[in-house]
Each structure stands twice: as C-alpha cells, then as structure tokens.
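For reference, the structure is listed below as structure tokens.
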Amino acid sequence: MTSKRSRPRRVLRMVGRMFVGLVALVVVAVAVSAGIHRWQTPRDKAAIEAAIGSDHRYVEVDGRRMSVAVQGSGPRTIVLMPGLGTPAPILGFAPLARRLAGKNTVVTVEYFGLGLSDGTDAPRTSEAIVDETRAALRELGLDGPYVLMPHSISGLYAMWWATHHPDEVAAVVGLDDERYTSEGAKDDPDWPSWMSGVNAVGGTRDLIALDTSADYLGLVADYRESLGESADYTPDQQDLYLRAYSWVLNSTMLDEMAREAENVRAVEGAVFPPTLPALSILASSSLEVEPEWEPSHRAAISNPAIQQVTVMDGHHYLFHAHAAAIAAQTERFLDDHVKAS
C-alpha cells in the first residue's frame, strides 16, 4: 500500500523530470539555432557581396574591416551615411547611389556593426563614427570636401562633422535625417543590451523566419513596407536585405542605439555654418509621428539663402521608393550651390 506521505514525493519527482526535460529541450533548440545561424550567416554575406558586385570593397580602419561601395568618378564626392540598424546599407542605398553616380563619385559607408563591416568595442559616439568614416575615405584616396548625404541618425553625425571639420564638408543633403529633439535626448534605447546574446545564437533569424509575412513582431516591418513600395529591388535583393537583419542586432549596433540620446544632446543648439549649403528632405510620415521633426530641422538653418527644408510624401526610408526624385532634387541643389572640384 502506498503511503499518503510518498505521493507528494512522486509528484515532485515527476515535476523535476519535466523541468529537466524542458531545460534540455531549450538547450538543444538554442544549440541548433546557433549552429544554423553560424552556418547560414557567412553564406548570406557572400550572397550580398555577389549582389553588390565590383563596386564593393573593404578598407582597414583601426585594425578592422569596414565595408564600402564606390560608384562613379565625377568631380563631387557624395558620402551616403546609413540610419541606425540599417541591415544592409549598400543594398538599401543602391538605387539612389546608381543614379547619383552618373555625375558624381558616390561612396556608401557601412558603419562598424552594420552590413558586411566588422564590429568594434569603440564607443559609438558621433565623434568616433565620423572619425572612422573620415579614415575610410582617406584609405580610398578620396579627399574632401565631401557632400554628406545622411539618413536618419546619421544626421547627428553629419552635423558633428560639419561643425567640427567644416573645411571637409561641401554640402549636406539629409534624407529624413535626425536633429536635436527633446524626445530624442531622453535615454530610452529601443533594445536592451542582452539582445546581442539572442542575436548571436540566431534568435533574431528565428524570429524573422517565424514572422515572414505578417511581421507581428515589427522586427523588419519598416523595411518590408518601404522596399515593397519600390520597383528598384528584385525579390532576391529584398530577401537578402532582410536576412542581413539576422546579425545586425549585435553589441556594436546596440551600443550605438544606447548612445543615441548622448549623440542627440551633443548637437543641441547646433546650426549649419552660414556658408554651408544644406538641404533636408523630410518624409511626411515622420512629421506625423514626431511634432518636433520639422521645427528641429528649420532651427538648424543659419542662412536660408543656401539652406532649405522640404517635405516629400513617403516613408522614413524615402530613398527606397523615391530614389529617382531624390537624385534629381539633389543634382539641382548641388548644381546651384556646390562648385565641382
């Protein structure tokens, strides 16, 4: 006869076995995910390299590889600067870069932690990111002054560059680029630092794969929407672009995200030098969600004769669907205000 006292022990043993089994299942799942991620990532990167083609190259900056693309050979050098966490900047900027390269030398830079570039432990301050970009351009043998073309957070870096090294900047043409706002100055990173661990074991890749069409998690919703609005990307290119997000939530990019407020505060009160031509092309969608967006850009103007703000109907990633219109507007602005050297 089984005693009443032994029944709780049997239940505890059963619960213990279930717990151990569950832990073992999780460990196996993580190991499988990490293995697939380590196997697939270099193959995805090789496919992106092939898609970019001969325009792509690596330069050494601070002992690490930085991925860049160089197109055209015109007298003006335009530097395309990506937004925060952009998975594959060279692929994303490709339609715009191709159009601008007809009359200019166009360099697309993938900051450390983005696209095919290495990661780094160096703090992701505006000063560090600008200095690394300057070093990459020197390695390419391209001297300034440069036309900076920043998207999103790179507006902070372009403002830093223009105010700390004004002799190196011929003009700034912003693509819904960031300025100082009270909201941006708050310390509130979108992703916690431990997300890099999830990313490293393939967790981001798994979540994207599970959420392929609906994207309820919102991981790549912006990219799917903006890429889908453009006729310039093949389905394969869109797929490669989105797959690159599988390794972009790394410690380097998350540090850049965590320092966004610091970098926003660093440009508080900054205005463009009065002799610097500057054009900000803002997305209507950003104005709808951020009341300070347009006023913050107008506040950075010191000379309205050569510094302008314009609004284009579209998504934050304007250059996906409106590459032709942006290229034409940029060419007109540069022809009017920037002498080719």
Side-chain angles (χ1 to χ4, degrees), residues 58-70 76-86 89-90 93 97 105-115 117-181 184-185 252-273 275-280 296-297 300 302 307 338:
Y58 292 101
V59 292
E60 185 174 315
V61 176
D62 295 337
R64 300 174 185 275
R65 292 198 318 171
M66 180 174 283
S67 169
V68 300
V70 182
R76 290 184 298 236
T77 298
I78 297 176
V79 183
L80 292 169
M81 305 166 67
L84 181 64
T86 301
I90 293 173
F93 277 129
T105 300
V106 182
V107 183
T108 305
V109 178
E110 296 190 327
Y111 303 143
F112 287 137
L114 297 185
S117 289
D118 290 344
T120 180
D121 295 328
R124 300 292 79 206
T125 62
S126 293
E127 182 177 10
I129 291 171
V130 167
D131 283 348
E132 290 160 1
T133 305
R134 294 168 66 218
L137 292 168
R138 287 194 300 270
E139 284 293 312
L140 290 168
L142 296 171
D143 298 320
Y146 312 106
V147 175
L148 307 183
M149 209 159 182
H151 172 239
S152 197
I153 198 172
S154 282
L156 305 177
Y157 312 148
M159 180 61 81
W160 175 276
W161 200 336
T163 53
H164 287 75
H165 305 284
D167 57 315
E168 297 180 3
V169 183
V172 176
V173 179
L175 304 173
D176 210 31
D177 54 328
E178 191 168 354
R179 293 286 185 278
Y180 175 86
T181 63
T252 301
M253 197 283 290
L254 291 172
D255 185 67
E256 184 182 355
M257 182 178 289
R259 293 178 190 274
E260 180 177 8
E262 174 187 341
N263 291 329
V264 168
R265 292 192 293 266
V267 299
E268 183 176 6
V271 298
F272 287 117
T275 58
L276 179 71
L279 170 65
S280 293
S296 70
H297 287 75
S302 64
Q307 296 168 4
V338 179

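Just the heavy atoms: all of them, side chains too, but no hydrogens, waters or symmetry mates, feed the values below. Keep in mind the model is a prediction, meaning the values are calculated, not measured.
Residues Asp121 and Arg64 have side chains in contact (heavy-atom distance under 4.5 Å, counting atoms from C-beta outward). Using a 4.5 Å heavy-atom cutoff, the side chains of Ser280 and Asp177 are in contact.
Residues Ser67 and Ser117 approach most closely at N-OG, 2.7 Å, considering heavy atoms. Between Met66 and Ala136, the shortest heavy-atom distance links the atoms SD-CB, 3.7 Å. Closest of all the heavy-atom pairs between Glu110 and Ile90 is OE2-N, 3.1 Å. The nearest pair of heavy atoms linking Ala97 to Leu80 is CB-CD1, 3.8 Å. Residues Gly83 and Ser152 share a closest heavy-atom pair of CA-CB, 3.8 Å. Taking every heavy atom of both residues into account, Val61 and Ala135 meet most closely at CG1-CB, 4.0 Å.
Tyr157 is linked by a ring-ring contact (aromatic ring centres under 6.0 Å, His included) to Tyr111, counting only residues two or more places apart in sequence or in another chain. With sequence neighbours excluded, no residue forms a ring-ring contact (aromatic ring centres under 6.0 Å, His included) with Tyr180. Thr252 is linked by a side-chain contact (heavy atoms from CB on, under 4.5 Å) to Phe112, Thr120, Arg124, Asn250, counting only residues two or more places apart in sequence or in another chain. Residues meeting the side chain to side chain donor-acceptor pair (under 3.5 Å) test with Asp118, sequence neighbours left out: none. Applying the ring-ring contact (aromatic ring centres under 6.0 Å, His included) test to His297 and every residue at least two apart in sequence or in another chain returns Trp293.
Separating the CG atom in Asp131 from the CH2 atom in Trp161 is a distance of 9.0 Å, to the nearest 0.5 Å. If you take CZ on Arg134 and CD1 on Ile129, they are separated by 14.0 Å, rounding to the nearest 0.5 Å. For the atom pair Thr108 OG1 and Met149 CE, the distance stands at 10.5 Å (nearest 0.5 Å). Considering CZ of Arg259 and CG of Leu254, their distance stands at 12.5 Å, rounded to 0.5 Å. One distance of note links OG of Ser296 with CD of Glu178; it measures 8.5 Å at 0.5 Å rounding. Here the CG-CE distance, from Asn263 to Met159, works out to 13.5 Å after rounding to the nearest 0.5 Å.
Applying the side chain to side chain donor-acceptor pair (under 3.5 Å) test to every pair with at least one member in residues 137-147, sequence neighbours left out, gives no pairs at all.
The backbone N or O of Pro273 sits less than 3.5 Å from a side-chain atom of Gln307, completing a donor-acceptor pair. Side chain of Glu260 to backbone of Gly184: no donor-acceptor contact under 3.5 angstrom is found.
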With side-chain contact (heavy atoms from CB on, under 4.5 Å) as the test, would you mind laying out the steps for Leu84 and Met253 before giving the verdict? CA-CA 8 Å; Leu84 181 64; Met253 197 283 290; 3.9 Å; yes
